[in-house]
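The block underneath contains the structure these notes are about, expressed in structure tokens.
Here is the naming used below: chain letters follow the sequence lines, and residue numbers restart at 1 for every chain.
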Amino acid sequence: MSKKQFIKRHHLIINKLRSNPCSFKELQKHLANHSIDADENYVISKRTFERDVNEIRDIYKIDIEYVRTINCYVIVHDADEVKTDRLMETFQIFNALSISESLSNQIILENRQPLGTENMHGLMHAIKNHFEVHFTHEKYWDEDHEKTKRTVQPLALKEARNRWYLIAKDTKDNRIKPFGLDRITDLDITRKKFIYPTGYNPEEVYRHSFGIITEDNNPPQKIILSYSYDQGKYIKSLPLHHSQRELVDDEKEYRIELLLHPTYDFLMELLSVGKEVKVIEPLSLQKKIVEMLVATLKQYSN
DNA sequence: GAGTGTATTACTTCGGCATT
DNA sequence: AATGCCGAAGTAATACACTC
């Protein structure tokens, strides 16, 4: 537990400064109010706070600066709030679950593969400090579940479809690729520093991706989908992609426009809602869907 | 007395080292 | 590995001194 304290502390600091800028003294009071006991104490020295400010900048891309005229620390550049909130939420759930063993009957969890979040803390540290890491990676695609040893340069963590991925440069072929956290075992963080690739911006790379598959060679495509009225409500409240734009919203259909790469994972997402959605554009995607459905039908036509 | 340059003050910031 | 303490360096605001 104590290992994750700094993450919680970061959240407290960010939330406080977001709601209102304040001096270090006020912030300390705020942290003291949220401390429970000696085991969960968020009161820290000035020096640690200064280090936290830097870490918050590195991890969350939130700039905190001191403004002398009002004796306050202020967030001058805030990252995408949704993103940081989401990141924090995940950690909070993770923390809550590890505390609440006594409530195990009252909290019903989906039965799924572990997400590999136990490595998250270590990986965040490695990303922050530019340390190379070793791990064993298990492929799902290969039939024999081949396990390989990897040495990679961790660049970013990314969540996609309820799974977490490490975006890292594989030293074997110098290519940047995602590794599912749940497929990583025997994580070993080395002390070997690497140079962060200049100009690499994970946010930018995944901007037009639906999930974890990237396609940097082709430009993203305009995709128009027509959802049924009922399914539309879900899509409205839980957009597929940040580029989602509403075109039609009436009792007949909910039509949206997206700008992304129609990768395999996107195709699967569309197929998962069956007849509730129809691809209007582009025709190539429409064709792919039809092909898939024909192949599916074929499986039952004996 | 306004304007300008300089010294002082009161801070933050940051690296190094010790402690846990 | 995370944190705290210390001291050096840096800096913005203020006070002071000087000139015109």
So which residues get pulled into Ile280(A)'s cluster when ILVMFWY side chains under 4.5 Å apart are joined, directly or through others?
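Listed partners: Ile224(A), Leu247(A), Val248(A).
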Should side-chain heavy atoms under 4.5 Å link Ile, Leu, Val, Met, Phe, Trp and Tyr, which residues sit in the same cluster as Val290(A)?
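Other cluster members: Val294(A).
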Considering residues at least two apart in sequence or located in another chain, which fulfil the salt bridge (Lys or Arg N to Asp or Glu O under 4.0 Å) criterion with Arg150(A)?
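Scan of Arg150(A) (salt bridge (Lys or Arg N to Asp or Glu O under 4.0 Å), adjacent residues dropped) gives Asp170(A).
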Spacing of [X] atom [atom1] relative to [N] atom [atom2], expressed in whole Å:
{"X": "Phe49(A)", "N": "dA2(C)", "atom1": "CZ", "atom2": "C1'", "result": "17 Å"}
{"X": "Tyr66(A)", "N": "dT13(B)", "atom1": "OH", "atom2": "C1'", "result": "12 Å"}
{"X": "Leu31(A)", "N": "dT3(C)", "atom1": "CG", "atom2": "C1'", "result": "14 Å"}

So, is Thr48(A) close to the dT3(C) phosphate, meaning a side-chain N or O under 4.0 Å from OP1 or OP2?
no
Determine: side-chain N/O of Lys46(A) to OP1/OP2 of dG4(C), distance under 4.0 Å, yes or no.
no
Applying side-chain contact (heavy atoms from CB on, under 4.5 Å), can you list everything that pairs with Gln153(A), at least two apart in sequence or on another chain?
Glu132(A), Lys169(A), Thr171(A), Phe194(A)
Using a cutoff of under 3.5 Å, can you pull out all pairs of nitrogen or oxygen atoms linking the protein to nucleotides 14-16 of chain B, with atom names and distances?
{"residue": "dG15(B)", "atom": "N7", "partner": "Arg47(A)", "partner atom": "NH2", "Å": "2.9"}
{"residue": "dG15(B)", "atom": "O6", "partner": "Arg47(A)", "partner atom": "NE", "Å": "2.9"}

Report the relative orientation of the aromatic rings in Phe135(A) and Phe179(A); use parallel for angles under 30°, tilted for 30 to 60°, perpendicular for over 60°.
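Because their plane-to-plane angle is over 60°, the rings of Phe135(A) and Phe179(A) count as perpendicular.
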Would you mind writing out the side-chain donor-acceptor pairs for residues 265-272 of chain A within the sub-3.5 Å range, not counting sequence neighbours?
{"residue": "Asp265(A)", "atom": "OD1", "partner": "Thr263(A)", "partner atom": "OG1", "Å": "2.4"}
{"residue": "Asp265(A)", "atom": "OD2", "partner": "Ile212(A)", "partner atom": "N", "Å": "3.3"}
{"residue": "Glu269(A)", "atom": "OE1", "partner": "Arg161(A)", "partner atom": "NH1", "Å": "3.2"}
{"residue": "Ser272(A)", "atom": "OG", "partner": "Glu269(A)", "partner atom": "O", "Å": "2.6"}

Please work out if Phe24(A) contacts a base, only the sugar-phosphate, or nothing of the nucleic acid, heavy-atom cut-off 4.0 Å.
nothing
